[in-house]
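Numbers restart at 1 for each chain; the letters A, B, ... are given by sequence-line order, proteins then strands.
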Amino acid sequence: MVLEQLVNAVSYSMLLFLLAVGLSVTLGLLRVVNLTHGSYYLLGGYVGLSVVRWTHNFLLATGAGAATTAALAALMFWGLLRRFLGQESAQVLITFGSLFIVADGCLAIWGGQTYTIPPPPGLSSSLLLAGAHIPTYLLLLIAVGATGAAAVYWVFERTRVGAMVRAAVDDRELAEACGVDVRALSFGVFTLGGAIAGLAGVLGGPVIGVYPGADLAVLLLALVIVVVGGAGSMLGALLGSLVIGFVTTYGSLYFPEIASGIVYLAMVLVILFRPQGLVPARGLDQT
Amino acid sequence: MLVGPNGAGKSTLFQIVSGYLPPDRGSVVLFGADVTRAAPYVRSRMGLGRTFQINALFANLTVQENVCLAMLGCRRSLGIWGQAVDRNIAGVARGQLEAWEMLEWSDVPVRQLAYGLQRQLEILLAICQKPRLLLLDEPTAGLSPRETENIVRLIQRLPRDITLLVVEHDMDVAFEIADHMSVLHLGQVVATGHPQDLQANSDVQAIYLGTGAPGRQ
Amino acid sequence: MRGQRAGLMAWGFRVMVVGMVLAAPLGLPPFYVNLSGQVLIYAILALSLDLLAGVLGLWSLGHAAAFGVAAYTAAFLAERLGVSWGIQLISGLGVAAALGCVGGLVVMRVRGLYFMMLTLGIAQVLWALAENWTGLTGGADGIPGIGRPSPFITTNSFYVFLAACFALNLLVLWAIHRSNYGLILRGIRDNALRMEALGVATFRARLGAYVLASTIGGFAGVLFAWQQGLVSPGVLSVDTSAETLLMVILGGAGTLGGPILGAVIVVLLETLVSTITARWMTALGVCYILTVLGAPQGLYPVLMPKVARVFATWGRWFGGIGDGKRARVEGDSPSLRRATHPEGH
Amino acid sequence: MLELEGIDVFYGPSHVLHALTAHVEEGEVLALLGRSGAGKTTTLKTVMGWLRPRAGRIRWRGQDISHWESVRIARLGFAMVAQGRRVFPSLSVAENLGIALNPTSPWSLEDVYQLFPRLEERRYQAANTLSGGEQQMLSLGRALVRGPRVLLLDEPTEGMAPAIVQLTHQVVEMLREAGITVVLVEQNLAFALSLAARVAVMNKGQVVYEGRAQEFAAHRELQVQYLGVSTTGLRVGS
C-alpha cells in the first residue's frame, strides 16, 4: 500500500514535470504565459492514440505525438506570438483562442469519449514487489520521466546552449551583446517545450487518459507547478512537480472530499509565504 | 540642495525620507514627529511632497486628470460619489495648469506629452499636493538646455514658504536655485554650506573631476 | 441655463437609447428573450470584472468565485429555507462582499501572474468544495428548483426585471468610473508608487475595488441562479472565470462598453453558432485571434468612434444634443475619452 | 572607422541624444567624458544596438549598422563592458565566459584565467557570489574572449578599489597595443586621460568638445569648463 502510493506519486510527478518544464522556461525566457500548453498534451495524446491503433508501436506513437505538437508550437510562435511579445492581453487572447481551436479540432476528429492508450506490450501487467502490486507501466513512466528530467536538466545546466538560455533569462540584452541569438533560442525553446508536452500526452495516455477538457485541466496543473516552483527555473519545475504530484496523490487518499482543491490550497500557501516560488530564477520580477 | 557624483547616496536618501526604503539604523523625523515606520502616504499627508528621478506620472491619463489626482490624494475620504470631472476639482486643476502655463495641454494623455513638459508636470503634481517640504529628485535630468531653463524658472517661482530639498547633477542649475548646499560622496556629507563657498572648495572639485586629475594642484 | 437644459436633454436621449436597446428583445420569441437575459447577466459579471482587469489592471482568473458563491447562497436560501427574494439577493451580495473582503486581503498583496494564479486558486478551492460538500451544495448535481422573484415569473416580466437590474448596475459602475475614486484606481494602475507619494492609501483603495467587483459579480450570480433555476458547480469553474476575462479583453478592458460588447459577442456566438454548427468553439477561437490581429486593444475602442459619429449625426437631428465638443466633455466621460486613446501595458 | 552621424535617441519620450555626431578611428582609444546624464551610456547602448536611433546613421568601416539587431552587431566584433559590472548572476564564472567565447578570438579562456587568476579559482562559482572587483574582472574577461574589434567600456572604474583600477588600466593598455578600438566612458578623469588618445566631451546629448587627450589634460580651464564646477553661474540656455 505504502509502496504503491509512493510509486503513484513519483510517476505522476515525473509526468507533471514533463508537462510543466516547457511552460516554465517559456515564461522565464519570453515572459509569455502560454495557455495553449495544455493543448499540446491533448493533441499529443490523441495523435499517439491513433498511431498506436494503426501500428501497435508505442515508441513510434511517442515520436509522432511529440513531432505533431512541436510543429504546432513552432507554427504558433512563428506565425503569431512572435509579434506580440510583451503584450499580455494579446497573448491571452491568442493562446486561449488556440486552445479553443485545438480542443474543437480534437473533438471533431476523435469525438467526446475518454480514451486510454494501451501501454506497450509487456508493460500492461503488474509486478509483485515487497507485497505490493506495482503496474509495470508506472515503473516505465518513472524511468522515462527521470531520464527525461535528467536529460533536460543536463542540457539546461551543463551544456553551452543551456547556459545561453539561462543567460538570456538572466539578462536578455547582455546575452545578445555576447553574441547569443536570443530570438532563435526562444523559437527553439518554445518548440521543444511543445514537443515535450506532446510527449507527456502520449506517456500519460495509459494512466490519465485523453479526453476533452484534459487540455484545461493539465494547463492549470502546469501553471500551478510553475508558480509553486518559480518561473524559469529548471530545479523549481522539478520541485514543484514533486510537491504537486505528492500533494495530489496523498491528498486524494486522505482528504477525498476536497481532492481537486487541495492542489490550489498548496499553491496559495506557497505564494503567500514564498511569493517568488520555491526556487526562483534570478532576473524575474513579479510580472 | 544635495549634490554629489553617481552612487553617492542621494537618491537612497530620498527613498528613506519619503518612506519607500526603511533605514537600517537611525530615525526619520518629519515636522517634529518620528515617521521612521510610517507608510509613504502618511508622510505625504503630513505635507511631504516629492518628485521622482524617472518620471512617475499616470501615462494613460490626461494632464488634467493627473493634476486632479494630485489634489485628490490628500483628501481623507476617497469620494466615491464625487465626480472627477466636477467643476470644483477640475476648475482648480485648470487654474493650476493655467498658473503654471500648461493649460493648453490639459486634455492630452501624458504618454503623448513631450519629455520636457512631462518633467514640468512631475514637479507640478508635487506642488498641487500643497506640501510644506518638497523633495525634487534630479528635476532637470535628460533635458535640453531650453527645457532646463524652464524648469529652473518653475522652481524659482515656487512660493518661498515651501522648503525645497533638491538632488541635482547639473551644477549650474544647483548654484542657481540653492540657498544652502551639501555635497555627498560615498554616503557621507563631504561639505556643506553656502553655494559660493562650496564652489571654491577643492575637495568638491576633486570629487567631480576624479581623484588625481593631472590638472589638479 | 441653456447648458443645463442641453445636459438634461442629452441625459434623456441617453436613457431613451439604452431603454430602447434593452426593450428590443421583448418583441422576440421566448428563446431569444431568455438569451438576451443571459447576455445581460454576463454583461454585469464582465463589467464587475473590468473594475479589476481594466480599471485597476489586475487580471483575475477567479472571478467566478464571487459569481458562484452568491448564486449558491441565493439557491440555498431559496431551496432550503424558502426566504423571500429580497433576502436572497441581499444575502448573496453580502456573502460575495465578505468573500471579496477576505480574499482581497490575500490576493491584493501580489500582482501579475501571481494575482491571476491566487484568484484562480481561491475559485478552484471553492469549486472543489461545491463538487464534494454534497450536504451543503448538492454536489455535482447542484441545487435545482430555485424560483424566480415573485412578480416576475413570466419570461417577459423576468426579462424586464433583469433589464432593470442591469441598468442599476450599469449606473453604479458608470458613477464609479466617473468618480474621484475611479480616477484614483486608474492612477494606481498607472503608477501605484506615485499614488502613495500623493497621499493615497493604495492598499485600502485596491481592497475597496476588489470588494466592489466581488459584490457586483455576486449580483450577477444571484440573477443567474434565478434565471436558470439551478445552480451547479459549473458556476464556480475556471471556464466561467476565463470566459468572463475573455469577454473583457475581447470587448476592450477599461471601458464600460467593452465588457458589455464582449458579453454580447461571446454569449451570442456560443449559443447561436452552436445551433448552426457543432464547431462553435473554433468560431470563438478564430474570433479571439482575429480580434488580436485587427484590434489588439479590444473591439470597443475600435468600433466606438464610428458608432459615436453616427450618434452625433442623430443627435443633430434631435436638436444639437450631441454636437462636437459638448458630447466629448459631457458624454460618457471616462469611457468615451478613453476610447480615443486606448491604454497600453 | 566608427562613425556616428546625427544620432537622435529617445528613452521612451525622453530625448536623450540630440543629433549626436562623433567618430572613432580604428585602433584608437577614445575617452567619452561628460557629466552624468549627458548621454554617454546611451551612446554606447545605441552603438551596441540596445537602443534604436530614431534618426541618423551609425557606420562601421562604411557599413550602415544603425538598425542592426544587437546580436549581429556583437557578431560583427563589438563587445561591451556594461555599467555596474553586469554579469549573468545565475551562471558560473566558466559559463559566463563560455557563452561569450568566440573561437577566433586571440584570447582563449586560458589567457583570461592567466590574466585574472582569481577567476580560475572561482570558475565553478555562481557569478552573483563574486565580489565587485571579481565581477569586474569577469566582465572584462568576457569582453576579451569575444575577440572584439571594438570594445565599449562603460565606467569600468566606478566604485573600484585602486588595485582593480590598476588591473583595468593594464587590460585597456593591452587592448590598445593589440590595435583594438576602444570607447571608454569614464568619470575618473585621470584614468581616462592616461589611456586615451582623444577625448570627446558630451553635454545634454551632444558632443561639445573634441580634441587630443594631451591637450585636454594640459588645460585645466577646459576641464573646469566642460566637466567641473563652473564659476560663471547659470549658463544654460545661453
Side-chain angles (χ1 to χ4, degrees), chain A residues 27 31 33 35-36 76 79-81 83-84 86-105 107-108 212-213 216-217 219-220 223-224 226-228 231 255-272 275-277 284-287, chain C residues 53-54 57 59 61-62 106-107 109-134 139 233 237-239 242-243 245-246 248-250 252-253 278-293 295-298 344-345:
Chain A
L27 188 61
R31 315 270 144 81
V33 183
L35 300 175
T36 322
M76 266 185 68
L80 286 170
L81 280 173
R83 292 173 218 181
F84 296 98
Q87 296 177 36
E88 259 182 33
S89 65
Q91 289 167 9
V92 169
L93 278 182
I94 287 176
T95 54
F96 222 98
S98 307
L99 180 146
F100 272 31
I101 295 172
V102 173
D104 208 27
L107 191 67
L216 199 59
L219 168 71
L220 293 181
L223 277 173
V224 168
V226 168
V227 167
V228 167
F255 312 97
E257 313 83 48
I258 52 161
S260 35
I262 202 157
V263 170
Y264 296 95
L265 268 181
M267 176 190 72
V268 169
L269 290 179
V270 169
I271 295 183
L272 288 183
Q276 299 295 328
L284 261 188
D285 53 312
Q286 284 189 29
T287 45
Chain C
W59 292 24
L61 202 50
V106 175
V107 300
R109 299 185 184 282
V110 295
R111 289 178 294 122
L113 176 67
Y114 293 86
F115 178 81
M116 240 167 136
M117 294 307 290
L118 264 191
T119 46
L120 171 72
I122 290 173
Q124 288 291 93
V125 170
L126 290 170
W127 171 75
L129 275 176
E131 281 266 349
N132 295 301
W133 195 350
T134 317
S237 72
V238 62
D239 300 45
E243 203 173 75
L245 186 60
L246 287 173
V248 173
I249 301 175
L250 185 71
R279 298 279 76 82
W280 62 271
M281 264 166 62
T282 302
L284 212 54
V286 169
C287 176
Y288 291 150
I289 291 177
L290 287 182
T291 303
V292 171
L293 295 177
Q297 301 297 333
H345 282 278

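- Residue C:V106 touches chain A through both its backbone and its side chain, counting heavy-atom pairs closer than 4.5 Å.
- At a 4.5 Å heavy-atom cutoff, the contact between A:L223 and chain C is made by backbone and side-chain atoms alike.
- Contact count against chain C (heavy-atom pairs under 4.5 Å) is highest for A:G97 among A:G261, A:G97, A:A266.
- When heavy atoms are compared at a cutoff of 4.5 Å, A:L80 approaches chain C solely by way of its side chain, counted from C-beta outward.
- Of all the listed residues (C:T282, C:L129, C:L293), the one sharing the greatest number of non-hydrogen pairs under 4.5 Å with chain A is C:T282.
- Contact of C:V248 with chain A is not made at all, since no heavy-atom distance falls under 4.5 Å.
- Judged as a ring pair (Phe, Tyr, Trp, His ring centres under 6.0 Å), and not counting sequence neighbours, A:F84 has no contacts.
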Determine all donor-acceptor pairs shorter than 3.5 Å in which one atom belongs to a side chain in residues 119-127 of chain C; sequence neighbours excluded.
from	atom 1	to	atom 2	distance (Å)
C:T119	OG1	C:L61	N	3.1
C:T119	OG1	C:F115	O	2.9
C:T119	OG1	C:M116	O	2.8
C:Q124	NE2	A:Y264	OH	3.2

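- Only the side chain of A:V33 comes within less than 4.5 Å of a heavy atom of chain C; its backbone N, CA, C and O stay farther away.
- At a 4.5 Å heavy-atom cutoff, the contact between A:V224 and chain C is made by backbone and side-chain atoms alike.
- If you measure heavy-atom distances from A:L265 to chain C, the contacts under 4.5 Å come from both the backbone and the side chain.
- Contacts of C:A283 with chain A are absent, with no heavy-atom separation under 4.5 Å from either backbone or side chain.
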